Amino acid sequence: MLPSYFEFYNPVKIVSGHKALDNLPYELSQMGVARPLIVTDKGVVGAGLIQIVQEAFGSSGMTIGAIYDDVPPDSSVDVVNAIADVYRANGCDGLVAVGGGSPIDTAKGVNIVVSHDKGELKDYMGADRLTGPLKPLVVVPTTAGTGSEVTLVAVIADTRKNVKMAFVSRHLLPDLALIDPRMTLTMPAKITAATGMDALSHAMEAYTCLQKNPLSDAHATAAISLISRYLPLAVEDRKNATARLALANASCMAGAAFSNSMVGMVHALGHATGAVCHIPHGVAMGIFLPHGLAYNLPERAEIIGELLLPLRGAEIYAATPPKSRPERLLESLSSLQKALESKAGLPMRLKDAGAREDQLGEIALKAINDGALMMNPREMDIEDAKAVLKNAF
Amino acid sequence: MKKVYEPLKPGRKWFKELVAHVVFFVLGRAFQSAAKLDAGIRREVAEWEEGFTLAMCILPKGPSMLLKKVDGRIRYAGWAKEDADLIIRFKNIESAFLVLTPQMGSARAFAENRLSLVGDVARSMSFVRCLDRLLAYLYPAFICRPLVKRMPPVLRPIRRRLYIYTLGIPFGL
Ligand SMILES: [Fe+2]
């Protein structure tokens, strides 16, 4: 399906492969960075991953401005300001985020603050409030799911006012994404499964929602083939570096897809569930993905059927008559869910993930006000949302 | 003879600008009355904070409209002269013309990147739901249906359409 009009923008340089990190100093010097500030969290340090990053700087002649390793799981304004102070105090001239969603979003927030002489973070909240380029930002993902290394958003909490601030701007796109399978090798099976389902949701929603276009489709389908082949492998054999590299690449491509063709109701429900019951994003994605596709079926049957090709391969696709493809796809997804549940303990239902039935109304209300719903092909009002949630409970 | 190269000043699209002015006025006044009549819009607006302002405008300095919540009710406040809490901006006059005349719905306009949003996304979701309901009052079903994902279930559309066109828009009631 060719849209009558679309836009696609992904200026992020991607450096991907075994030992790719060793090129970090060279890439930084190409961007004019001499004293990078590394932003990360305790989990990354504990897994010994910062060691790998630090070693990459050996014999490079470069000075690491500082390593800030205290980013909390939910990034906040206070943390962003504290890191900005470290950046200035050490005369840094660029940022390297190492971690999952939180250190990456935090580094994006820090970049807003250190790139402006006046104003505070909240002045730049919302869409398109940034008008000029920021400082160089390199992202080294340590999970394979969020795709934040190629997205233009950052979500940062104002813990005093208890609200989440979203920042959307093309200037938040990192300059470089460095994908090195060593960085995801230590991820436990359950997190591997959850983040893999997040990436799969990015790809499938980008492919089925209203902004789909030929370029995002290409990224999405490539990501889906890799995930379907390598996610079960990575869950079974955590040290499989090929599977790790494949998933990290898939997550990056899915990120580029959904950055340009937005996600839909699966994410709207997932964001809301995260806010109300604190269910991790990837876990929520694993639960909601088949439900979201099933809900959109009346509007998107043919497009959803097409996903059987990247998910199950050419032979199964060709052997399935077009009319049965959407159904076959949903069956395949639920077998994937079951496999991940038995092998990695990834819950398939909301109640197993810790949600309570009396929270469903609140989740529904939050979900219908989530921006992700705008690009969902089928309208979902509060009653529809409640019905989907009940099914997933 | 040597050809002379000099700056060009493109003309203005007067007709489309005029139409946009008129439609923004109509939309603003109609929104104000529909917000009184329709329970669905009332429920949405109840969630907006007092003093909340919403602007729709055409970049860079084209026609615009401002809605403001005063004493719990939505008022049409003319042109958007000031900064608003939520600003929905058309990137060019042609896109605005398509949406305002109304040949294209808001979801498609967003999908085609014709609009840029400044401010709180949750509020804009609420506003779009209101706008869909408003369309159901302003236009007959055959015009409205292609503009929305699903026809909003509104009560007494014909009577209320009559009210909006005869009293709401001309007199701001
Ligand atoms: Fe996601």
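Predicted, not measured: the structure shown is a model, and the values here were computed from it. Here is the naming used below: chain letters follow the sequence lines, and residue numbers restart at 1 for every chain.
- Proximity to chain B (any heavy atom under 4.5 Å) is shown, for A:D381, by both the backbone and the side chain.
- For A:T151 and A:K108, the side-chain atoms include at least one donor-acceptor pair closer than 3.5 Å.
- Note that B:K69 lies outside the cation-pi zone of B:F52, set by a 6.0 Å cut-off to the ring centre and a 45° limit from the axis.
- Within the 4.5 angstrom heavy-atom criterion, no atom of B:D120 approaches chain A.
- With B:F90 as the aromatic partner, B:R114 does not meet the cation-pi criteria of under 6.0 angstrom to the ring centre and within 45 degrees of the ring axis.
- Ranking A:I368, A:N376, A:D370 against chain B, the residue ahead of the rest is A:I368, based on heavy-atom pairs under 4.5 Å.
- Of the two parts of B:R123, neither the backbone nor the side chain holds a non-hydrogen atom closer than 4.5 Å to a non-hydrogen atom of chain A.
- Contact of B:V128 with chain A is made through the side chain alone, with heavy-atom distances under 4.5 Å.
- With 3.5 Å as the limit, one finds no donor-acceptor pair spanning the side chains of B:S126 and B:E47.
- Proximity to chain B (any heavy atom under 4.5 Å) is restricted, for A:P377, to the backbone atoms N, CA, C and O.
- Between A:F258 and A:H219, the gap from one ring centroid to the other reaches at least 6.0 Å.
- Chosen from B:V121, B:L117, B:I87, the residue pairing most often with chain A at heavy-atom distances under 4.5 Å is B:L117.
- Of the atoms belonging to A:M125, not a single heavy atom falls under 4.5 Å from chain B.
- Checked against a 6.0 Å centroid threshold, the rings of B:F127 and B:F31 count as neighbours.
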